[in-house]
Structure formats: structure tokens, C-alpha cells
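Each residue takes its place number in the sequence, starting with 1.
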Amino acid sequence: MRKTINLNQGWVFLKDDDESVIQSTFQNENCEPIDLPHTWNAIDGANGYEYLKGAFWYRKEFTILSREKGNKVFIEFHGSNSITDVYVNTIHVGQHRGGYSIFRFDITEAIEFGKTNILTVKVDNTVYDDVYPQMADFTFYGGIYRDVNLVIVNPVHFDLLDYGSQGIYIVQDEVTQERASLSIKTKITNDRHEEKKVRLWVDLLNQQGESAGYAAQEVILGAGETKEVTVPAVIENPELWNGRKNAYLYQANISLTSFNDTIDEVSIPFGLRYFTVDPDQGFFLNGEHLPLHGVSRHQDRKDMGWAITKQEHKEDMELIKEIGATSIRLAHYQHDQYFYDLCDQEGMVIWAEIPFISVMSKTELEGKSAKQQMMELIRQNYNHPSIMFWGVQNEIQIGGDRPEVRRLVKELNELTKKEDPTRLTTMANVSFVEMDDEYNYITDTIGYNHYFGWYGGKPEDFAGWLDRYHEMNPSVNLCISEYGVEGIIQYHTSDPKVKDYTEEYHALVHEKVWSIFEKRPFLWATYVWNMFDFGANIRDEGGVKGRNNKGLVTYDRKIKKDAFYLYKANWSDTKFVHIAGKRFVDRTDSEITVKIYSNCDEVILHVNGAEVAAKTSDNHIFHFENVLLQDGLNEIKAVSRIDDAIYQDVARFNRIAEPNLSYEAPEDKGGVISNWFKMPEDANEDIVMEELEITPDVYSSRDTIGALMENEQTREVLKKYMGDLSENPMFDMLKSLKIDMIASLSDEFSDKLLYRLNKELIQIKKMK
């Protein structure tokens, strides 16, 4: 029978890239005893641009009992970023390229049974041009950051080398309220040197452990053969997996027997459901409309990076449940199997995707890594009922309009549909992709990442954009796959504006945007970017280095920002009252507006012990205006009574004479994108603009930043108007963008600035 032995404990980590350590005893001053999960970027991965990248070493001793001789032994990694070389007793047993999926190697011939074996692992988080992601707006933490196991099996077993999958696929051929027709597809391997006859058994159990169906088939395997065997199964009157209402899971016990012995067995939870997306009415689960109120999630955490445990996964899920979300976009890579299990158990509808993001390789044009990671994602996660959308790319257009990029996106979609025709494909376009671009018509559904109110425009612009898109593309299934703004809880204001990084502006934008989304049922989903703050080494904004602060919850999961409660009020049935702006303690105004988020019908406000007003609201936002503050400390209490239950929240505001300067972000007021560049002070001064002739043989704002930086003369022009971009941590992301495209995202790139820039650039001829 199959045995799985966890190897997380008792490793030695060597921060030294020296191949000779394969033969050594790991005894030097750079050695550190560690347990898994582990990353060497737990601290520096979210504290600034530079973080440790390179190839480093792990070592562990293990023993396989002598009685296991004759069985097969596999080493199994659940996540190691990003190129991993594995040695057993100095023998190289395999290399895996890619940082997010399960992979296994057969180590049977390399081990000594009954003796101490040495497992040595080299892990490299350097970016290579044939492994994705190439570049992205998040940190690439290095290390063995998920579980490592030994798997011991009979020589006849369910295939363990099928792209890291279970070797078993529960295919839902047709599911209705009355009947579920299934195909149980298995891949069985015979590693013996002779033919072997076995019987395949499939036992289906309901949630109470009672039989819901079974099937069996005799299988004859030749020596060294791997055979695909499919058996049909039917469940009558099935209990359907119905999202958060009823995440009902069956269990499939699938085994191989030989005479009276069970030689391999795998138990797989699965849920039965059917779903569709309608371009006018959105998402339907089991024939019923289900609004997909979504959040996106990155897996890292403060001072832990990606090396998190089940406890942190569980805490994330509890916070997502509390807000009332019904869907999660798991960005931008394959997440831990345990988290997908939680999604199954809690009824979340999942968008799962690969890290084909921002930039395609300049040299490897077949997309082997992207295709490999798509195969791994699908095959390893095929049996999770929560997953209903496979994502093939995210903002890959940032890298430029290259024909090979378009071709690869199409090929990834075709591969995905071939691997799994039972689910829908999707992708997330960067905001500047035109509404009629073919990118909108490749996948079954489409998402756009739009940040109106932050990188450009205002939140209200969503309404016009969405309506224009739907009018132009009435048959396209559209969602908003990312939206949001930075919100840093240290900063506060009574007059929130773009780029102030305040908690108040963060909440205000979400108020405005959600009021637009909820009125447009044709959106099949919307996904807040992001549920949690996360590490992004290229960022330096709002006085915080190495962090993206758009989350509804802080990086350490300690504080829920005000916007969290806005969504909870709209999405959750759990009654509560929340006073916004509680961290805006020091106030200079004698009268303030108190804002409250609640899903209760009426809220009563008390100020310094006295009841002052009661209000109702039709949008879950209660505004109490002209609330008087006395000098010094004031206590504000919001109360709602429903039957015998009381829901309340308390805030304390301190009225002072002078403003608290720590509430202001260090950036100059203005737009966000200017924070990436050093604009001249006279950028928008009054000038007479004449018509400029821009021909193909000269440089201009139509060229990419990368192309302009390659020429010495144009580089100096850019430096004059945009600062020294080579020193910008975001340069790798920016260099593939055209200045005109950046200008289209931001009101800060005025016509006057573009005119002045182009007037000088067109004087420089391109080399033939």
C-alpha cells in the first residue's frame, strides 16, 4: 500500500552557490538548521528593490526501511522556486523548472534501503529567459516553500509522473439535478519486469460515508507499461456542490487490487456541479444566478514570504469568508493544494491561472514553460470542484504587441480546452487593450484590469467604459479582473484625493466603484485587487518600499482596512456595525462627518454619551454630518438593534489645534504615475504648441522606453523630462511600454509635456 512520509523537519540550509557541496558534509559558517517551509527572502522580499536572488542549497538525511525494498520510492515537492535540482546520494535524479507546482522524481535506484541517505537540493530563484514568470509586480521568493514528501508505492500504481498529478481524473461528462454521468479516467503504471493483471475498483461515497455508486474493471499491464483506463460511473439524484450555500463533497476511493491485496489506493474528494456564463446576465451555478463577488489573493505574508503553513492558509480563508466573497482569483500562479482544498470545502468559485504575465521571453518563442505550467495546473487540480475558470495570461500585453505573444495566448487557450473541455478559459487584459482587439475573443470569458481613480481617470469612469464595452461586444462575457487603489492606514484626511494614499481615499474609491459594478449584471465577476497587501520588490510608494498596499487587509493580516467593511456590508449576511476612520484619531475640525458601514437597516449615533441621530441607508453607508467635537477626547458610538441583538462599534477622536503631520504621505500631491518618474517642475507651463510631423525614421513618444534608452541622445531627452529611468526599480516593467501608452493611463502626461518631449525626440534620426 501507498505510504506518504513528510520530510519537512530537520534540514540544513547553505547560503552558498558551490557545486562541490554535493560531495561535502555541509559543515561551514554559512550553514543554518531549518525546517520547511522555508524561503531566504522572508524579510528582504518585501522591504525594498534589492532582494537575494541566486542558487542555494538544502540537505537532509533520511532512511527507507529495508522491508520497502522491491517498492518504488518517489521524492515529491509541492513548491520550490523556481529551478530545482535534486540529488540523492550525489546522484542527480532530476531538475524541475517552474516555481509553483508539484513535481516528483523516481529515486528508487539512487537510495540505499536500510541505510542513511543524503538528499541534496539546489534551488535557484534567478530569472531565466525560458522559465515564467519573466517579470511581474510581485516578489519571486526563493526556496523550498511548501511540503516535501517521500511517496512509497507498489511497482504497480497510479501514475506519479503525470505532470505531478494524482494520475486520476473524475470527468463530469454531464451533470443535472437528476443525474451525474462520470468517467473515472486513471493512468496506471507497471514498473515490474513482467506482465501484471490487476483489478481497478471505484467506490463513490456520499458525505455520510454511504455508497453512491461503484465500478470495476480488470486491467492487464505489460512490463514497463503505463496504461490509461477509463470506467463509467453514475450517481442518481446527486447532491450538487452549490457554492457557499452547500459545498457538498462526495469521495471517490479508487484502488488497485491483486488477488486479496490492495496494492494502491487514492481517496479524492469531489463535487458535482454545472455552470455557465451569460454575456447579459453573468454567472450561473447549477442553473441559478450567482453573483461572483470576488477578491484576488497572493500567497505571501509579512516576515514569512511564501513559506506559510496551513494555519496561515486557513486564516486567509476565514477572512475571505468573513467579507462575504463568493469567488477568489488566485493570482498569478498555482497555489498550494491545501488552499484549493479549502476552496472546495468552503464553496468558493475559483479562477486559477499560470504565471504567464507581463512579458513573454525574448528568446524562447515556443512558450514551453507556459505550456508546461498550464499542463501542471490543470492536471494537478482537475478534481477540485471549486475551480471553474483556467486563466491563460495576465497583462501579457505589457511586453509589447508581438505576433508571437498573440500566437502563444491562442495556443495556451487551445491547450487548455483540449486538456479540460469541462471548464471555461479566461484571461486578464491590461487596461490599454482596445475593446475590439482580438484578445477579447480568444478565451471563453474575458477580464480587464482597470484602475480608474488611481493610475488614471476617476472612479466614475468605470460606468462609461463598461457600458461602451458591452455595447460594442454584446456577446463577450466580461468581468473586471483587477481594480483598486493604494491604502496605507497611517495616512488620513477629511478631504481624500488621488495619490494621498490615505485609508479614506482607499475606501472612497471602493464605494464609488462598487456602486457602479452592482448595477451591471452583465459582469460575470469582479475581483478586488487585492484581498491582502503583498510583497512587490519593484515598488516604492507612499513611503513604503517593496510592498503593494492595495489590500483590504494589511500584509500581516492584523488590520482590516475600512474598505473591508464596505464589502462586508454589501456581501455578507452577518450583521455588524463599523465606524470608518477610527484610525484618523487626531482631528482639527470642530464638526466632522461620521461615516458608518453596516448591513443593518438603522444605525443610531451617540456622541460623548448622548444620542444625536438615527439614520437608514439603501447602500449600507450611513453618513452623520455636522457632528460636533469638543476639545480633547470624544467618544463616538454607533448602535443598531435587531430584535434582542445589539450591534455596535466605538471610535475615539481627539480634537487638537494643529494637524497631525504624520497623517500625510511623503509624495507630492498629484497623480500616481508621476511617482514613477521625476517630472520637470515646468512640465505644464504655458507654451505655444505647433503641429509636429512625426515620421517613422525619427524617435518619438510612439517608441518604447526601452528603445529610447538604448540611444544615447534619446536617453538624455528622457532623463530631462522623466528622470534617470535606469535607476527606477520598475524599469524592467516600464521599458516595454510606449510613452504614448503610459500617457493614456495618466492625466499627468499632459499634451504640453508630450509636445515638449516629442519636439526634441523628432530631431534624432533612427539608425538604419
Side-chain angles (χ1 to χ4, degrees), residues 240-245 273-297 320 323-332 343 347-353 384-395 409 413 416-417 420-431 433 435-437 439-450 452 462-484 513-531 567 570-571:
L240 297 185
W241 188 96
N242 201 28
R244 295 198 63 185
K245 286 183 181 179
R273 75 286 183 272
Y274 59 96
F275 54 93
T276 58
V277 174
D278 181 89
D280 289 317
Q281 301 177 70
F283 180 78
F284 288 78
L285 178 61
N286 303 325
E288 296 182 2
H289 181 253
L290 175 64
L292 294 186
H293 299 154
V295 295
S296 297
R297 181 215 187 212
I320 293 170
I323 206 174
T326 55
S327 184
I328 310 172
R329 181 183 177 204
L330 292 174
H332 289 299
C343 294
M348 295 292 174
V349 174
I350 299 305
W351 166 334
E353 64 190 17
H384 289 291
S386 56
I387 297 176
M388 301 188 197
F389 301 91
W390 298 122
V392 302
Q393 67 90 1
N394 179 77
E395 296 188 343
V409 171
N413 182 67
T416 302
K417 297 302 290 185
D420 183 9
T422 72
R423 289 180 171 93
L424 299 174
T425 56
T426 193
M427 61 182 176
N429 284 337
V430 71
S431 58
V433 171
M435 294 181 183
D436 59 352
D437 192 291
Y439 278 119
N440 292 280
Y441 316 119
I442 295 172
T443 48
D444 297 322
T445 63
I446 196 71
Y448 263 83
N449 298 347
H450 263 306
F452 292 123
F462 262 115
W465 188 92
L466 289 169
D467 293 341
R468 288 193 303 275
Y469 186 99
H470 189 53
E471 182 179 2
M472 179 179 290
N473 298 297
S475 62
V476 173
N477 299 307
L478 174 68
C479 88
I480 296 299
S481 39
E482 291 182 22
Y483 68 99
V513 172
W514 177 247
S515 70
I516 293 169
F517 290 168
E518 67 174 343
K519 295 181 178 67
R520 286 162 174 80
F522 59 82
L523 290 172
W524 63 263
T526 57
Y527 293 96
V528 177
W529 190 262
N530 195 286
M531 182 67 191
Y567 288 107
N570 282 277
W571 295 351

N477 versus D444, closest heavy-atom pair with distance: ND2-O, 3.1 Å
From CA spacing to verdict: side-chain contact (heavy atoms from CB on, under 4.5 Å), W465, I480: CA-CA 11 Å; W465 188 92; I480 296 299; 4.3 Å; yes
Residue pair M427 / Y439, side-chain heavy-atom distance below 4.5 Å: yes
D467 vs F522 side-chain heavy atoms within contact, under 4.5 Å: yes
Heavy-atom closest contact (A525 atom, C479 atom, distance): O-CB, 3.0 Å
Geometric class of the W351/Y527 ring pair [parallel <30°, tilted 30-60°, perpendicular >60°]: perpendicular
Euclidean distance, I320 CD1 relative to R297 CZ, rounded to 0.5 Å: 6.5 Å
Heavy-atom check, side chain of E482 versus side chain of N394, under 4.5 Å: yes
S296 versus N530, closest heavy-atom pair with distance: O-OD1, 2.8 Å
Parallel, tilted or perpendicular: ring planes of F517 versus W514, cut at 30 and 60 degrees: perpendicular
Derivation of the side-chain contact (heavy atoms from CB on, under 4.5 Å) call for Y483 and W529: CA-CA 5 Å; Y483 68 99; W529 190 262; 6.0 Å; no
Nearest-0.5 Å distance that lies between atom OG1 in T276 and atom CZ in F284: 6.5 Å
Gap separating the CG atom of L478 from the CG atom of N440, nearest 0.5 angstrom: 8.5 Å
Validation row: E395, N429 side chains within 4.5 angstrom (heavy atoms): no
Side chain to side chain, E353 and H332, heavy atoms closer than 4.5 Å: yes
Value rounded to 0.5 Å, distance of CZ in F462 from CG in L466: 6.5 Å
Geometric class of the H293/W571 ring pair [parallel <30°, tilted 30-60°, perpendicular >60°]: parallel
Check: T326 and M348 side chains under 4.5 Å, non-hydrogen atoms: no
Step-by-step side-chain contact (heavy atoms from CB on, under 4.5 Å) determination, I328 to C343: CA-CA 9 Å; I328 310 172; C343 294; 4.2 Å; yes
Flag for E288-N242: side-chain donor and acceptor within less than 3.5 Å: no
Criterion side-chain contact (heavy atoms from CB on, under 4.5 Å) on K245 and L290, from CA distance to verdict: CA-CA 11 Å; K245 286 183 181 179; L290 175 64; over 6 Å; no
Distance-only polar pair, side chains of T426 and T445, donor-acceptor under 3.5 Å: yes
Under 3.5 Å side-chain donor-acceptor pair for N449 and S431: no
Donor-acceptor contact below 3.5 Å, side chain N473 vs main chain D436: no
Distance-minimising heavy-atom pair for R520 and A463: NH2-CB, 3.6 Å
Min side-chain heavy-atom separation P279-V476 under 4.5 Å: no
Separation of W524 CH2 from F389 CZ (nearest 0.5 Å): 4.0 Å
Spacing of NZ belonging to K417 relative to OG1 belonging to T425, to within rounding of 0.5 Å: 5.0 Å
Closest non-hydrogen atom pair between Y441 and D437, with its separation: CE1-O, 3.4 Å
Min side-chain heavy-atom separation R273-L285 under 4.5 Å: yes
Closest approach of F283 to M388 (non-hydrogen atoms, all atoms of both residues): CZ-SD, 3.6 Å
Stepwise side-chain hydrogen bond (donor to acceptor under 3.5 Å, both in side chains) check, H289 with D278: CA-CA 10 Å; H289 181 253; D278 181 89; over 6 Å; no
